[in-house]
Amino acid sequence: MTDIETVMRTAPVIPVLVIEDVAHAVPVAEALVAGGLPVLEVTLRTPCAFEVMRAMRQVPGALVGAGTVLNPRDLDRALEAGAEFIVSPGLTESLGRAAVASGVPFLPGTANASDIMVGLDLGLTRFKFFPAVASGGIAALKAIGGPFGGVKFCPTGGITLQTAPEWLALDNVLCVGGSWLVPTGRPDPAAIETVARAAAALRR
Ligand code: 3PG
């Protein structure tokens, strides 16, 4: 099993996926991997999410994780479905302890200093900064870099292809996340591959 730092360094952008039909899973994953974005966060926001993860894991080169993991039950179901990493929008002690105990690479959401300190207490130093723009944007994340020097982030929430470079330029950012790569509905693999290619070329 890999670690969360390796997951975060694999590509500059983690697509946040809301897949409504399991038939879309493989074409979306293939297009993203072909475009250079192999790290796929499948959110547990649709009834078919676990099935989507299982299908995407069959795509060569894909590194498939679960997002919107809210509690230990979600964690267990995601691990059963083969999730290779876990993302949550926030951090509770029960989820944090269960994720750490499982050994799975874990990226919990934090939006302020107190959240980060809860994570540090659990031995975590890599976080999603969520919701990135609404939580104070780049100015906030820069300020957090002062007291939390060794902590690194994947900002997510309100970031676009156009604004991603400003975030990726920060010292405490390893990658960014976003749902903008894959619009909901029937996928257009060629369009997804094109936007993935542009995202994969962003410099960090
Ligand atoms: C998430 O779950 O991480 C966010 O919904 C993604 O944010 P975005 O839709 O603004 O990219």
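In what follows, every heavy atom counts, from backbone to side chain, and hydrogens, waters and symmetry copies are set aside. Source: prediction; values computed, not measured. The residues of the chain are indexed from 1 along the displayed sequence. Numbering of ligands and ligand atoms starts at 1, following listing order.
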### Query
How are the rings of Trp167 and Phe129 set to each other: parallel, tilted or perpendicular (split at 30° and 60°)?
tilted
### Query
Cluster question for you: counting only ILVMFWY and a side-chain heavy-atom cut-off of under 4.5 Å, with indirect links fine, are Met56 and Val26 together?
no
### Message
Please check this pair: side chain of Thr160 against backbone of Thr163, looking for a donor-acceptor N/O pair closer than 3.5 Å.
### Response
yes
### Query
Hey, quick one: are Val176 and Leu32 part of the same hydrophobic cluster, counting side-chain heavy atoms closer than 4.5 Å, chains of contacts allowed?
yes
### Query
Going only through I, L, V, M, F, W and Y residues with side-chain contacts under 4.5 Å, is there a path from Val28 to Leu37?
yes
Check ligand 1 for N or O atoms under 3.5 Å from a protein N or O and list each pair with its distance.
{"unit_1": "ligand 1", "atom_1": "2 (O)", "unit_2": "Arg45", "atom_2": "NH2", "d": "2.2"}
{"unit_1": "ligand 1", "atom_1": "3 (O)", "unit_2": "Lys128", "atom_2": "NZ", "d": "2.7"}
{"unit_1": "ligand 1", "atom_1": "9 (O)", "unit_2": "Ser179", "atom_2": "OG", "d": "2.5"}
{"unit_1": "ligand 1", "atom_1": "10 (O)", "unit_2": "Gly158", "atom_2": "N", "d": "2.7"}
{"unit_1": "ligand 1", "atom_1": "11 (O)", "unit_2": "Ser179", "atom_2": "N", "d": "2.8"}
{"unit_1": "ligand 1", "atom_1": "11 (O)", "unit_2": "Ser179", "atom_2": "OG", "d": "3.2"}

### Query
If you look at every heavy atom in Ile4 and Phe85, which pair is closest and at what distance?
CD1-CB, 4.5 Å
